[in-house]
K.L.:
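Right, I'll just put the structure down here and ask away after.
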Amino acid sequence: MANKLINQMGLPKSIANIFTARNIITAKDALSHTEFELMELLDVGKEEVTSAMAHVSEVVCPPCQTALLLLEQRVRNETLAGHLPTRLKGLDEALCGGIPFGVLTELVGPAGIGKTQFCLKLSLLASLPASCGGLDGRVIYIDIESKFRSKRLIEIGINSFPEIFLKKGMAQEMAGRIMILRPTSLSEFAESLYQIKVSLLQKQVKLLIIDSMAALVLGSLAEFSRIPVVLTNQVRSQSGDESRIYSFQAQSRSIIKDNPATYDSHLVAALGINWAHAVTIRLVLEARSGQRFIKLAKSPISPPLAFPFKITSSGVVLLDDDGIEMKGPEINTIQCQVEVFTCLFPSVMKNMRAEMLCLISKGSNYTSPPLFLC
């Protein structure tokens, strides 16, 4: 509304022409000046300026709304927008229907915990015909780390929806609705954003998945398209400094002292505390005491809940639909029961690789041995 033209606001033609002649074209231009500045610029009296500015303000300022009206609008928008059911009963009930349209939903968890498996199942659910409970649309799957496997996608489909995928040609049709993008750099991804926006409008896209990448610009895509936007986020080990900064994320180190062979390593989401505020729903996938859990750690419509799950040939399956209500620090912690060596090895290898690349770039004669990184 700030860019609304002055000559389209119903002002008397004489005063509107004066505004235009002085290059005050929009409401923003006019409201950027005080009344005394406008009197000097327009060369008109105070009464005329006051009357004109009151009219401009009334036109461009949004009307007051009651809390009840805002609630009714939200309910109406959510009803029209809808949800993408995950087919995980307890989680869908907690989310009032599934992954909501028009907002960012984030999956956080360590490598191998099941984030990509969750995304593959969501891709199938969005592409299923409406008669089978799907969204009957296409999916854009941005596969940053090249983890997408068509064979695994078909396996999940056959075991979850045999009545569809065992029909001749249906597996190919469903797989053909999922469009894979594999940008090799951040700049390449940024260049593809325009293509993604066009596809959202022209190709009946009903789900956008980013595995694994998070950029603040994605929030505008969710609102622009009014479809579910699901992205995965990696984890990293928490440093001692962070433990002091965020006391609610700190973990006792006595566990390591008591049992140095194995422990529940404490992890944090890779993009930090600022990114956490950018997402509407955060699902944390973790493993503790030999059991995997999906934690609904952040949601405007549900208390924090944890659901035990396993990965089968059909994908992610909940072991309990009721969920366990969480309180205190456990809401924000991310656990992954691992061997100490396993936890430390990737960071050591990363440092070795960085040092070798540095030596090579400087023209060193150093010859790198074969490395197997996961």
Side-chain angles (χ1 to χ4, degrees), residues 83-95 97-99 105-182 204-213 227-234 281 283-287 291-296 307-321 374:
H83 297 78
L84 170 59
T86 65
R87 300 292 180 96
L88 303 174
K89 184 180 177 183
L91 185 60
D92 285 341
E93 289 177 354
L95 292 173
I99 306 296
T105 297
E106 178 192 35
L107 298 177
V108 180
I113 196 69
K115 300 187 298 296
T116 298
Q117 303 298 314
F118 194 93
C119 291
L120 290 175
K121 186 68 171 282
L122 287 180
S123 299
L124 287 175
L125 292 170
S127 62
L128 285 178
S131 59
C132 299
L135 299 182
D136 198 19
R138 294 180 179 272
V139 176
I140 293 180
Y141 196 117
I142 303 177
D143 184 25
I144 304 296
E145 298 180 331
S146 299
K147 291 183 178 179
F148 184 94
R149 295 292 181 271
S150 299
K151 185 176 180 179
R152 175 58 176 151
L153 180 80
I154 299 300
E155 181 186 18
I156 293 175
I158 291 174
N159 285 280
S160 301
F161 314 103
E163 70 281 6
I164 297 175
F165 278 77
L166 292 179
K167 291 181 180 179
K168 185 177 180 180
M170 286 302 293
Q172 290 83 350
E173 181 180 338
M174 293 295 101
R177 295 185 178 188
I178 301 172
M179 299 173 284
I180 313 298
L181 292 179
R182 284 178 171 162
Q204 292 294 308
V205 173
K206 297 296 179 69
L207 175 66
L208 173 62
I209 290 178
I210 299 92
D211 182 16
S212 128
M213 185 179 183
I227 64 172
V229 176
V230 178
L231 55 93
T232 64
N233 189 4
Q234 298 174 345
I281 293 173
L283 300 176
V284 175
L285 280 67
E286 66 174 15
Q291 178 62 62
R292 300 186 191 206
F293 290 87
I294 296 177
K295 296 198 307 188
L296 179 51
F307 299 91
F309 78 96
K310 64 179 180 179
I311 297 177
T312 69
S313 59
S314 300
V316 175
V317 176
L318 293 189
L319 300 178
D320 181 4
D321 290 325
C374 55

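In this chain, residues are counted from 1 in sequence order.
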K.L.:
Taking the side chain as every heavy atom from C-beta outward, state whether Phe309 and Leu88 have any pair of such atoms under 4.5 Å apart.
P.N.:
no
K.L.:
Rounded to the nearest 0.5 Å, what separation is found between the OG1 atom of Thr105 and the CG atom of Leu207?
P.N.:
9.5 Å
K.L.:
Any side-chain heavy atom of Thr86 sitting closer than 4.5 Å to one from Leu122?
P.N.:
yes
K.L.:
State, to 0.1 Å, how close Cys119 and Val230 come at their nearest heavy-atom pair, and which atoms those are.
P.N.:
SG-CG1, 4.5 Å
K.L.:
Quick check for you: to the nearest 0.5 Å, what is the distance between Leu135 atom CG and His83 atom NE2?
P.N.:
12.0 Å
K.L.:
Is there a side-chain contact between Asn159 and Thr312, using heavy atoms and a 4.5 Å cut-off?
P.N.:
no
K.L.:
Contact between Ser160 and Leu124 at the side-chain level, heavy atoms closer than 4.5 Å - yes or no?
P.N.:
no
K.L.:
Could you tell me whether the side chain of Leu318 reaches within less than 4.5 Å of the side chain of Lys89, counting heavy atoms only?
P.N.:
no
K.L.:
Any non-hydrogen side-chain atom of Val284 less than 4.5 Å from a side-chain atom of Phe293?
P.N.:
no
K.L.:
What closest approach, in Å, do Phe307 and Ala94 show between heavy atoms, and which atom pair accounts for it?
P.N.:
CZ-CB, 4.3 Å
K.L.:
With no hydrogens and no angle check, is any side-chain donor or acceptor of Lys121 less than 3.5 Å from a backbone partner on Val317?
P.N.:
no
K.L.:
Is the shortest heavy-atom distance from the side chain of Gln117 to the side chain of Ile156 under 4.5 Å?
P.N.:
yes
K.L.:
Closer than 3.5 angstrom, by distance alone: can the side chain of Arg292 be matched with the main-chain N or O of Ile113 as a donor-acceptor pair?
P.N.:
yes
K.L.:
Counting neighbours of CD on Gln291 that are heavy atoms of other residues, nucleotides or ligands and sit closer than 6.0 Å, is the number greater than 12?
P.N.:
yes
K.L.:
Once rounded to the nearest 0.5 Å, what's the spacing between atom CG of Leu153 and atom OG1 of Thr116?
P.N.:
12.0 Å
K.L.:
Walk me through whether Met170 and Phe161 qualify under side chain to side chain contact (heavy atoms under 4.5 Å, CB included).
P.N.:
CA-CA 11 Å; Met170 286 302 293; Phe161 314 103; over 6 Å; no
K.L.:
Can you sort out the partners of Asp92 under salt bridge (Lys or Arg N to Asp or Glu O under 4.0 Å), two or more places apart, ordered by chain and number?
P.N.:
none
K.L.:
Below 4.5 Å, heavy atoms only, C-beta onward: do Val229 and Ile210 meet side chain to side chain?
P.N.:
yes
K.L.:
Does the Lys115 side chain pair with the main chain of Thr232, one donor and one acceptor, at a distance under 3.5 Å?
P.N.:
no
K.L.:
Quick one: list whatever passes salt bridge (Lys or Arg N to Asp or Glu O under 4.0 Å) with Arg177, sequence neighbours left out.
P.N.:
Asp136, Glu173
